[in-house]
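Computed from a predicted structure; not experimentally measured.
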Amino acid sequence: MKSRVAAVILSILLLAAGTGIWTANEAKAAASLSVVVNGQALQLTDSSTYRNGANVLVPLREVAEALKYKIIYEGSTGTVKLSRVNEVIEFKLSSRDILLADKQKVSYEGSIETRQGRLYVPLSFLTSIGLIAGYNPADNRTEIYSPEVTAGAVTTLLATGQYEELQKRYIGGSSQALALPVIRQNWEQVAGVAGNYLGVKSAVSEWKEGTFIIKSTLTFSASEAVLTLIVDSTGKLTGLKLAQATAEKAVAGQQ
């Protein structure tokens, strides 16, 4: 599944009141879970993130506001639409299928739930529409990113020589394939031919076998290059491939 995801304007969605009352344990667990969207912590007031078994569910309204989607709910059909300029994503509350903007149909695992009049979606719903969404049990935090935001942040760190910050924020200590000296050398090799880095031209994402593959086109003063990032379910990089736009030659860690 590939989907272009960009920042758009969102509105609040209120659905019919759900059933069930939170227990004390559920409330305690919800309060301890935090959510970060595109690097910014969500301020959850009258709704919280919670776990239902192995699934982590987040309030759609707050996440939608942070990602700037406009949400429309059609009560007569039970259809929810996430819209922006020239793009509409649709899904029914009674189905696990999602109709993307390019009319491709995808599905997600788990279930959408309503609690105290609010709609909660599992992280698999977010990954199905092209977002990077993962739960890190080490700090009990859920992180959600647009693919172009991740590509832009990683590329900026590369272009400004902040390799230690790249290691801290995106690689961590789990990946043995991404060595900073190799990443530095490979970036400098490509930039030496392509010129000064100007920005991310475009980015698309694909969810495949439990990982995200983000392929972005980078604009330089003399030419373009393609940066491919492999991201695991916690938002950490496990692979990085950089190539001239005219030659698919891997110059950094590969999957």
Sort and list the pairs that fulfil ring-ring contact (aromatic ring centres under 6.0 Å, His included) and have at least one residue in residues 76-113, not counting sequence neighbours. Phe91-Phe125, Tyr108-Phe125

Side chain to side chain contact (heavy atoms under 4.5 Å, CB included) partner of Ile214, chosen from Val154, Thr228, Ile132: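 That would be Ile132.
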
Just how far is it from atom [atom1] of [X] to atom [atom2] of [Y], taken to the nearest 0.5 Å?
{"X": "Thr142", "Y": "Tyr135", "atom1": "OG1", "atom2": "OH", "result": "7.0 Å"}
{"X": "Tyr50", "Y": "Asn55", "atom1": "OH", "atom2": "CG", "result": "9.5 Å"}
{"X": "Thr155", "Y": "Leu229", "atom1": "OG1", "atom2": "CG", "result": "6.5 Å"}
{"X": "Glu65", "Y": "Lys70", "atom1": "CD", "atom2": "NZ", "result": "14.0 Å"}
{"X": "Asp232", "Y": "Thr211", "atom1": "CG", "atom2": "OG1", "result": "8.5 Å"}
{"X": "Ile213", "Y": "Lys241", "atom1": "CD1", "atom2": "NZ", "result": "9.0 Å"}

Shortest non-hydrogen contact from [X] to [Y]?
{"X": "Ala245", "Y": "Val226", "value": "CA-CG2, 4.1 Å"}
{"X": "Val106", "Y": "Ser128", "value": "CG2-O, 3.6 Å"}
{"X": "Leu157", "Y": "Leu166", "value": "CD1-CA, 3.8 Å"}
{"X": "Pro59", "Y": "Tyr120", "value": "N-CD2, 3.6 Å"}
{"X": "Ile89", "Y": "Ala101", "value": "CG1-N, 4.3 Å"}
{"X": "Gly134", "Y": "Leu123", "value": "C-CD1, 3.9 Å"}

Hydrophobic clustering (ILVMFWY, side-chain heavy atoms < 4.5 Å, transitive) - are Leu93 and Leu126 grouped together?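 Hydrophobic grouping puts Leu126 with Leu93.
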
Find out if a path of hydrophobic residues (ILVMFWY) with successive side-chain heavy-atom gaps under 4.5 Å connects Leu131 to Val88.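 In one cluster with Leu131: Val88, no.
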
I'd like to check the side chain to side chain donor-acceptor pair (under 3.5 Å) partners of Arg96; sequence neighbours left out, ordered by chain and number. Ser111

Charged N to carboxylate O under 4.0 angstrom, Glu164 versus Lys168?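 Looking at Glu164 and Lys168, the cut-off is not met.
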
Backbone N or O of Ser146 within a donor-acceptor pair of the Asn38 side chain at under 3.5 Å? yes

Is there a donor-acceptor pair closer than 3.5 Å between any side-chain N or O of Gln244 and the backbone N or O of Val190?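 At least one qualifying donor-acceptor pair exists.
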
With sequence neighbours excluded, residues passing side chain to side chain contact (heavy atoms under 4.5 Å, CB included) with [X]:
{"X": "Lys105", "value": "Asp97"}
{"X": "Glu143", "value": "Val36, Arg141, Tyr145"}
{"X": "Thr79", "value": "Glu74, Thr77, Lys81, Glu90, Lys92"}
{"X": "Ser216", "value": "Ala151, Val200, Ala203, Leu218, Leu227"}

Carefully, step by step, assess Ile183 and Ile171 under the rule side chain to side chain contact (heavy atoms under 4.5 Å, CB included). CA-CA 12 Å; Ile183 292 175; Ile171 299 176; 4.1 Å; yes

What residues, two or more places apart in sequence or in another chain, satisfy ring pair (Phe, Tyr, Trp, His ring centres under 6.0 Å) together with Phe220? Trp187, Tyr197

